[in-house]
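Quick note: numbers below take in every heavy atom, side chains included, and nothing from hydrogens, waters or symmetry partners. Chain letters run A, B, ... following the sequence lines, proteins first and then strands; every chain starts at 1.
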There are 2 protein chains.
Amino acid sequence: MNDKYDSLLLKNQLCFPLYAVSKEIISMYKPYLDPLGLTYTQYITMMVLWEHDNIMVKTLGERLFLDSGTLTPVLKKLEAHNYITRKRGTENERNVYINLTQVGLALKDKALEVPKQIAQCLDISPDDAKKLYKILYKILD
Amino acid sequence: MNDKYDSLLLKNQLCFPLYAVSKEIISMYKPYLDPLGLTYTQYITMMVLWEHDNIMVKTLGERLFLDSGTLTPVLKKLEAHNYITRKRGTENERNVYINLTQVGLALKDKALEVPKQIAQCLDISPDDAKKLYKILYKILD
DNA sequence: CTCACTATAATTGCATACAATCTAATTGTG
DNA sequence: CACAATTAGATTGTATGCAATTATAGTGAG
């Protein structure tokens, strides 16, 4: 009923459903983010900036669990869209500060619809959502 | 205490911790998969094949939630490593069947260590793990 | 039987992710 | 002060992921 290879069955993995659900939910964002001209990664980047403007790339990376190798190209695209600006710090030339433009700030109001739409698509009970959230942050910390 | 933009706070998202935890755990696999010459995507592909050999790319894609655009390059790499073979079906030329080589099959024994090591690194209670697993599969189905 | 339709992979283009390396700036130490 | 060590970003290389398109092979309605 149980052999030595059971631990290698896909259905006995915890990481795989995490990976699959993560991708599936991110793909649900696409139709709602496309009108805003944002990808999912760009969206969560904007979310951090909407909460706290004028932050360093390093801080952004810590909040999003992303390194400069990922963030630099993302930020350059957001800058090309005129949603943000990138400026070297005067006190310390190593630091790059990200700031929202008027356009980027204005996008916040349009983005309000996104979480609403996703909540409707996502078929999960409030109880499960709460449990899931808690367990995930327990792992992250 | 509560403003109209609360729904856009990173900490109020359910998808973000899913995405972050998924990435963090996948990165934990790297030191254990490197000696096997596998990436995480290649590893879960091999897991499906270890469970059921001689399956079509389409079936593999359904199990892994990946499309041919992702799988074709992954499978070509596994073929280049001599872990698998790819053969067009004789009954239906559209189908491509994937089979393990002797080397690929032998890798299964070495891979047995991987889930053991990951379980040790992953600091999560059995109860939380069970809850998490159930909720994730509820979403996937 | 034929031709539109469908199905399966492969290909192409774009956007991440991350390891490793590099550059420039800053800091700590003797 | 001099200089090794550290830090912040950028760059490079490799490997996904996914949408859209293409190529080829089967299928089915008339």
Q: Check the distance between C:dT8's P and B:I55's CD1 and give it to me in whole angstrom.
A: 14 Å
Q: Base, backbone or nothing for each nucleotide of nucleotides 15-22 of chain C, written B, S, -, heavy atoms under 4.0 angstrom, 5' to 3'?
A: SSBBB---
Q: Report the distance from atom CD of A:E79 to atom C1' of D:dA10, rounded to the nearest whole Å.
A: 14 Å
Q: What is the distance, rounded to the nearest whole Å, between atom CE of A:M56 and atom P of D:dA10?
A: 11 Å
Q: Rounded to the nearest Å, what distance is computed from the NZ atom of residue B:K58 to the P atom of nucleotide C:dA9?
A: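 It is 8 Å, rounded to the nearest whole Å.
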Q: Given atom CG of B:L71 and atom C1' of C:dA10, what is their separation to the nearest angstrom?
A: 12 Å
Q: Report the distance from atom CD of B:E62 to atom C1' of C:dA7, rounded to the nearest whole Å.
A: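 Distance, rounded to whole Å: 12 Å.
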Q: Measure from CG on B:L75 to P on D:dA15 and round the result to the nearest Å.
A: 14 Å
Q: Just jot down the side chain to side chain contact (heavy atoms under 4.5 Å, CB included) partners of A:E79, sequence neighbours excluded, or say none.
A: A:I84, A:R86
Q: Hey, does A:L38 have a side-chain heavy atom less than 4.5 Å from the side chain of A:L107?
A: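 Yes, their side chains come closer than 4.5 Å.
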Q: Taking N and O atoms by type only, does the side chain of B:R94 place a donor or acceptor under 3.5 Å from a partner on the base of D:dT24?
A: no
Q: Would you list the pairs meeting salt bridge (charged side-chain N to carboxylate O under 4.0 Å, His left out) in which at least one residue belongs to residues 58-72 of chain B, sequence neighbours left out?
A: B:K58-B:E62
Q: Here's one to test your reading of the geometry: is the NZ or CZ of A:K108 within 45 degrees of the ring axis of B:Y5 and under 6.0 Å from its centre?
A: yes
